[in-house]
There are 2 protein chains.
Amino acid sequence: MKLIENIAQLATCRAEGGQSEVHAVADAAMVWEGDTIRWVGPRRELPAEYQGAERLDAGGRLVVPGLVDCHTHLAFGGWRADEFTQRIEGAGYLEIARAGGGIARTVRLTREAGEEALYRRARAFVREMVALGVTTIECKSGYGLDREHELKLLRVYRRLAESEPVGIVPTFLGAHVVPPEYRERREAYVALLVDQLIPEVAARRLATYCDVFVEESAFSVEEGRRILLAGQAAGLASRLHADQLTSCGGAELAAEVGALSADHLEQVSDRGIAAMAESGVVAVSLPIASLYLGSTAMPARRLIGAGVGVAVATDFNPGSAPSYHLPFAMTLACTLQRMTPAESLKGATFFAAKALGLEQRVGSLEAGKAADIALMDAPDLQTWLYHLRPNACLLTVARGRIVWQAPDRRESGELA
Amino acid sequence: MKLIENIAQLATCRAEGGQSEVHAVADAAMVWEGDTIRWVGPRRELPAEYQGAERLDAGGRLVVPGLVDCHTHLAFGGWRADEFTQRIEGAGYLEIARAGGGIARTVRLTREAGEEALYRRARAFVREMVALGVTTIECKSGYGLDREHELKLLRVYRRLAESEPVGIVPTFLGAHVVPPEYRERREAYVALLVDQLIPEVAARRLATYCDVFVEESAFSVEEGRRILLAGQAAGLASRLHADQLTSCGGAELAAEVGALSADHLEQVSDRGIAAMAESGVVAVSLPIASLYLGSTAMPARRLIGAGVGVAVATDFNPGSAPSYHLPFAMTLACTLQRMTPAESLKGATFFAAKALGLEQRVGSLEAGKAADIALMDAPDLQTWLYHLRPNACLLTVARGRIVWQAPDRRESGELA
């Protein structure tokens with residue numbers, strides 16, 4: 001049994017109260033046993049039965065639920081840094097694609113990469129994410145785009161789930177774009193996904209979710225519907241890349257098929273927002289991509305106003321969002337999407353967990369839930385997300401185990 | 001004598017070639033002795049006389065000049081995180097100021113803070129900055145706004161310059177805003193600055209520069225001119241906060257008085273740009289403030305196009321730019337100001353040094369200059385600034401001494 005105490009502020013982030021209510025407890029304590037939380041509350045109310053637990057001192061700092069990154073493309077070959085420079089110099093998406101760049105380039109590099117190399121690289125990313133306080137990571141395939149290489153990516157995620165002490169939840173995104181070799185026969189690619197790959201991925205238990213990029217340059221609403229329903233038939237819950245570049249009905253489709261989440265939504269329509277609210281679909285905002293693409297941010301205020309829960313994730317990928325820094329994405333959600341720090345935190349914890357259908361287990365600090373905890377070097381939530389630092393996380397606990405501890409020298413060490 | 005080798009890319013950032021030319025050397029090596037660089041070049045050309053030097057292995061990574069943060073408000077009391085939330089919720093600058101917030105609040109908290117506490121806190125910030133690869137830091141007063149507390153801040157900087165192994169260069173910013181107690185008699189405050197504080201600060205050698213915030217809400221062009229000329233008469237070089245919120249002639253004044261730099265410039269006029277180009281004034285861009293205020297970014301492309309050198313700095317302060325993460329500011333200069341990674345690096349090295357009048361000593365890797373070096377965990381400059389990480393810096397050398405070394409576990413350790 002373990003007890004963490006001397007917590008200046010603990011944000012439980014439990015469901016009640018919606019986006020802006022993080023249920024902050026001052027001078028808090030928390031007890032866990034094995035991988036499960038036993039008790040959370042004001043320190044003065046600590047039940048006698050827990051007084052003997054092994055004690056950790058939070059040093060008068062902030063404790064939040066282990067963060068949930070509910071949208072990443074974690075395993076891929078190569079980088080595309082030169083395209084970053086080309087975009088700054090004015091090159092358009094199509095121009096870069098015509099020169100062999102864009103997603104197709106990452107597909108090429110990912111197909112060339114060995115499974116072991118992809119695993120080691122993704123593992124290094126995971127470890128850096130854990131040091132930031134992240135304890136659950138959704139990971140998409142989608143840079144293989146054929147049987148061999150999609151399965152290779154999903155096996156990398158399975159291996160990570162086994163080797164790393166945090167939650168790794170895999171998504172099959174065979175429907176990322178139509179691969180080059182199917183450009184003239186896209187129907188055959190959709191058929192490959194629906195008839196072969198989705199059933200095989202599900203049968204091998206290599207994915208929990210099925211995702212589709214619904215966009216003019218990727219898959220139509222009709223194709224998306226077919227793919228997502230095939231996923232559901234095989235037991236894979238639905239999620240979508242929706243309305244990123246154009247308002248093309250992705251949000252409406254998410255609501256129609258009962259998807260867990262619709263992600264991006266920079267161009268979502270009012271009708272799409274209403275449909276999502278009605279169906280309880282979570283909107284996943286990806287502000288790092290908005291920053292890197294110089295595009296409009298997701299209209300988070302309109303979504304929240306309509307009653308849609310908004311998650312915040314990194315979208316980590318080698319093109320439009322080359323950063324896995326989730327607290328940085330959370331600060332960007334404040335500056336670019338006008339979400340308050342409380343709304344942003346609830347978005348990277350409870351609503352991110354809900355976007356994964358895991359809210360019964362992770363994303364909030366409550367008795368009975370997973371002991372996933374991050375200790376931040378800040379006196380409170382507002383200060384943490386406003387004072388953007390390289391890394392404010394001092395301690396990460398995943399499933400009850402300490403999986404990251406910062407070196408000693410930290411700002412607050414000097415702040416007494 | 002020390003030698004660093006196995007450098008995949010070394011960007012010397014020397015003056016020639018302007019903003020976009022960083023003079024990258026592939027498979028480079030560098031030699032220094034004491035605090036001074038002796039030789040830089042391709043490894044195969046290393047002169048025989050240096051073969052016996054003590055060797056450091058860069059591991060096939062990127063070496064850049066120690067970064068120069070040429071605009072910070074490093075020492076202050078308190079934070080203003082609640083105002084961050086209030087701004088997100090729609091509160092305006094004036095509304096926050098009327099409620100006792102804004103700069104006036106930091107002035108109150110800074111006056112209340114003891115010198116020792118301010119020193120320890122600023123020292124902690126400096127050490128985190130050094131871990132990011134920063135080796136020269138400009139530090140402004142301006143939250144004291146009376147004799148006692150302005151001198152207190154400048155003494156904090158003097159003490160930092162003595163205790164910390166990096167360059168700390170102080171700026172007197174008594175003309176930050178008119179303090180509350182002078183609101184009805186601003187002329188008396190300007191007279192205090194010009195007749196008493198500037199001469200005293202200069203006589204005590206507590207500052208190198210004199211800065212003025214030229215803005216409708218702060219000081220007029222006429223007041224700014226008087227203050228800057230008084231500074232010059234006392235031996236303090238000029239720098240300005242110019243054209244941040246309104247285009248009010250700050251850039252033109254900077255050119256007229258021969259200032260080293262004009263900073264902010266979000267609203268700079270074409271006339272101001274032409275005048276700066278003519279006079280060789282460096283434009284200091286502060287993209288973190290643009291992000292946090294949701295304002296237009298400095299028109300870097302127009303400035304560079306006109307031949308003005310553009311520096312990149314953090315503007316670290318507790319209101320509009322609560323981050324000292326200079327590499328993050330450099331990435332924002334790319335995304336928000338459309339500067340290429342090369343232009344951004346030259347902005348945080350050579351042009352930042354020029355903005356401080358220190359380009360003969362720091363800001364580039366050349367024989368005879370200070371051995372200020374940062375080793376980044378990236379194969380090249382583009383990848384470093386595009387793949388935004390908590391901290392990519394593995395090693396910081398300042399004046400020839402290793403002042404920061406990262407713990408072992410880093411991405412590239414896994415990338416072999």
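All figures in this text were calculated on a predicted structure; none of them were measured in a lab.
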Subject >> Part of B:L336 lying under 4.5 Å from any heavy atom of chain A >> reply: side chain
**OP:** Give a yes or no on whether the ring-centroid distance for A:Y157 and A:Y119 is below 6.0 angstrom.
**Re:** no
Original post:
So, A:T106 versus A:R80: side-chain donor-acceptor pair below 3.5 Å or not?
Top reply: yes
Original post:
When heavy-atom pairs shorter than 4.5 Å are enumerated against chain A, which of B:T340, B:T85, B:T383, B:I88 gives the highest number?
Top reply: B:I88
Original post:
Is it the side chain or the backbone of B:L332 that comes within 4.5 Å of chain A heavy atoms, both, or neither?
Top reply: side chain
Original post:
Are B:R301 and B:E343 close enough for a salt bridge, meaning some N to O gap below 4.0 Å?
Top reply: yes
Subject >> B:L132, part contacting chain A, at a heavy-atom distance under 4.5 Å >> reply: side chain
Original post:
Thinking salt bridges, do B:D82 and B:R105 make one under a 4.0 Å N-O criterion?
Top reply: yes
Original post:
Quick check, are the ring centers of B:H325 and A:F328 under 6.0 angstrom apart?
Top reply: no
Original post:
Is it the backbone or the side chain of B:P318 that comes under 4.5 Å from a heavy atom of chain A, or both, or neither?
Top reply: both
Original post:
Based on non-hydrogen pairs under 4.5 Å, which of B:G294, B:P327, B:P341, B:A342 is most in contact with chain A?
Top reply: B:P341
